[in-house]
Engineer: 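For reference, the structure I am asking about is given below.
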Number of protein chains: 2
Amino acid sequence: MAEKRRRRAATVEKVEQVLDATERIMLDEGYAAVSSRSVAGKVGINPPMVHYYVGSIDDLFVAVLRRRAEGIAAQLADALESDEPLRSWWQLAADPRGSALFIEFIAASNHRPALGKVLGEYAREVRKLQMERLEELLPLYGLDPIEFPPALVAAATQGLAFGLVADELGGHDTATAEARAAMDRLIDRLEARRKASTD
Amino acid sequence: MAEKRRRRAATVEKVEQVLDATERIMLDEGYAAVSSRSVAGKVGINPPMVHYYVGSIDDLFVAVLRRRAEGIAAQLADALESDEPLRSWWQLAADPRGSALFIEFIAASNHRPALGKVLGEYAREVRKLQMERLEELLPLYGLDPIEFPPALVAAATQGLAFGLVADELGGHDTATAEARAAMDRLIDRLEARRKASTD
DNA sequence: GGAGAAGTCGAACGGGCGTTTCAACTTCTG
DNA sequence: CAGAAGTTGAAACGCCCGTTCGACTTCTCC
C-alpha cells in the first residue's frame with residue numbers, strides 16, 4: 001500500500017469551493033444541472049479538475065451530502081437538548097434553507113444508488129436521534145407514548161416540514177401559511193404544558 | 001385554419017402505450033431515465049414517434065401527470081365521502097403505488113417549469129378538496145378546528161404519508177412500520193369516536 | 001380509385017455528458 | 001538544486017440527448 005500523499009492547502013480550499021458550487025447549483029437549478037462542466041464553470045476551473053479533486057460525480061454528491069448532513073445532525077442534537085426542544089426542532093425542520101437541499105438529495109438518490117445508501121444511513125441516524133430523545137420528552141409534553149409513539153411523532157413532524165417546504169419552493173399555493181401558523185400555536189401550547197409540568 | 005383531421009384509433013392506443021411506458025420508466029429508473037429513446041424502446045417504436053404522438057418531453061411528463069392526477073383526485077373525493085373518510089383517505093395517501101409517482105414528479109418539476117405549473121394546480125386542487133371536507137369532518141372526529149385546522153391536518157397527513165413512502169422506497173430503515181402501526185391505531189380511535197358521536 | 005392526410009422510418013443536427021489521457025507546469029522536500 | 005510529488009490545461013473518447021427533416025407507406029374519404 002502506498003502511503004497517502006498530502007494535498008496542498010490551496011487544493012483543500014478548492015475542494016470546498018467545488019462543494020459550495022455544487023450546493024448552489026442544486027438549489028438554483030436542481031440536482032440534474034450538476035455536471036463536471038457546470039461545477040467547473042462556476043468555480044472557474046476546467047471540468048477534469050472536478051474529477052481530480054473529488055473523483056466521480058457520485059463522489060461529488062456524496063461529499064456534499066456528508067458535509068451538510070454532519071452540520072444538520074449536530075444542529076438537531078442541539079435543538080433537542082435546548083430549552084424548548086419541540087420548538088427548536090420544528091424551526092430547524094421547517095427552515096427552507098436546510099430542507100431544500102435534502103429534497104434534491106432524495107430526488108437524486110432515486111437513480112444514484114451510492115448516494116441513496118449514504119442518505120439512508122443519515123436518515124436512520126437522524127430518526128434514531130429523534131426517537132430516543134422523544135421517548136423522554138413526550139411525557140413531559142403530556143403526550144401518551146402509547147397513543148403517540150416517537151416513531152409517529154418524528155415521522156409526522158418531519159413529513160409535515162418537508163411537505164410545507166416542498167410546496168413553498170415549488171410555488172404551489174396550498175395554504176402552507178395557515179398550516180405553519182397552526183403548528184406554531186400547537187407548539188406554543190405544548191411548550192407551555194411542558195413548562196407547567198416541570199415546575 | 002384547416003379543420004383538424006381526427007387521429008386513427010391505432011394512434012390513440014399508441015399514445016396510451018407511450019404514457020404507460022413513461023410511468024413504468026419513472027417508477028423503475030427514475031424520471032431522469034425518461035427520454036424519447038428510452039420510451040420508444042419500451043414501446044417498440046422509433047424515437048421521433050414519441051414526439052409525433054405527444055410533442056416535447058415536457059408535454060410527455062405533463063400528459064402522464066394529468067392522466068394520473070385525474071384518477072387520484074377522483075379516488076380522493078370518493079374516499080372523503082366514504083363510510084370511514086379518514087381511514088380511506090389515509091389508505092390512499094399511504095399507498096406506495098400512488099405516491100411513488102408523485103415523488104418523481106415533485107423531483108422532476110424542480111427543473112421543468114411547465115411540469116411544476118401543472119403539479120401546482122393539481123396540488124392546490126387536492127388540498128382544497130381535503131380542507132373543505134375536513135371542515136365538516138373534524139368536529140365529527142372530536143377534533144377542535146381551532147386547535148387542529150384543516151390546513152394543518154391535511155398537510156400533516158399528506159406529509160407523513162409521503163415521508164413514509166419515500167423512506168420505504170429508498171430502502172431507508174426509519175421505523176416506518178412502527179409509525180404506520182401507530183397511525184392505524186390512531187385512525188381506529190378516531191373512527192370509533194366518530195361512529196359513537198353520530199349514533 | 002385517386003387525392004391528400006395520417007402515420008412511419010432512418011438519418012442527421014448540434015449539444016451536453018463523464019471520464020481518461022498526457023504533456024506541461026508549479027511547488028515542495030531532501 | 002535536483003527530482004519527486006502535486007497540480008493544471010487542452011484535447012479527445014464514446015455515449016446519450018431532444019428534435020428536425022425529407023422521403024416513404026398506409027389509410028380515409030370523396
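Hydrogens, waters and symmetry mates are skipped; everything else that's a heavy atom, side chains included, is used.
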Engineer: Just call it for Thr11(B): base, sugar-phosphate, or nothing, with non-hydrogen atoms closer than 4.0 Å on any strand.
Structural biologist: sugar-phosphate

Engineer: Would you mind reading off the distance between Arg7(A) atom CZ and dT8(D) atom C1', rounded to a whole angstrom?
Structural biologist: 14 Å

Engineer: Which part of the nucleic acid does Ser36(A) contact within heavy-atom distance under 4.0 Å: base, sugar-phosphate only, or nothing?
Structural biologist: base

Engineer: Could you tell me the separation between the CE atom of Met49(A) and the P atom of dT26(C), rounded to a whole number of Å?
Structural biologist: 14 Å

Engineer: Taking N and O atoms by type only, does the side chain of Arg37(B) place a donor or acceptor under 3.5 Å from a partner on the base of dG18(D)?
Structural biologist: yes

Engineer: Hydrogens and angles aside, do Thr176(B) and Asp167(B) bring a side-chain donor and acceptor to less than 3.5 Å of each other?
Structural biologist: no

Engineer: With the side chain of Tyr53(A) defined as its heavy atoms from C-beta on, choose the nearest nucleotide among dT8(D), dG18(D), dC28(C).
Structural biologist: dT8(D)

Engineer: Choosing from dT8(D), dC17(D), dG10(C), which nucleotide comes nearest the side chain of Pro48(B)?
Structural biologist: dG10(C)

Engineer: Whole Å only: how far is the OH atom of Tyr31(B) from the C1' atom of dG18(D)?
Structural biologist: 16 Å

Engineer: To the nearest Å, give me how far apart CG (Asn46(A)) and C1' (dA23(C)) are.
Structural biologist: 14 Å

Engineer: For Ile45(A) and dA10(D), what is the distance between atoms CD1 and P respectively, to the nearest whole Å?
Structural biologist: 13 Å

Engineer: Rounding to a whole Å, what distance do you find between Ile57(A):CD1 and dC17(C):P?
Structural biologist: 9 Å

Engineer: With respect to the side chain of Tyr52(A), which nucleotide from dG18(D), dT8(C), dT8(D) is positioned closest?
Structural biologist: dT8(D)

Engineer: Contact class for Val34(B) vs. all strands (heavy atom < 4.0 Å): base, sugar-phosphate, or nothing?
Structural biologist: sugar-phosphate

Engineer: Nearest nucleotide by nearest heavy atom, which residue falls closer to the 5' end of DNA chain D, Ser38(B) or Arg8(A)?
Structural biologist: Arg8(A)

Engineer: Do you see a donor-acceptor pair shorter than 3.5 Å between the side chains of Glu191(B) and Tyr141(B)?
Structural biologist: yes

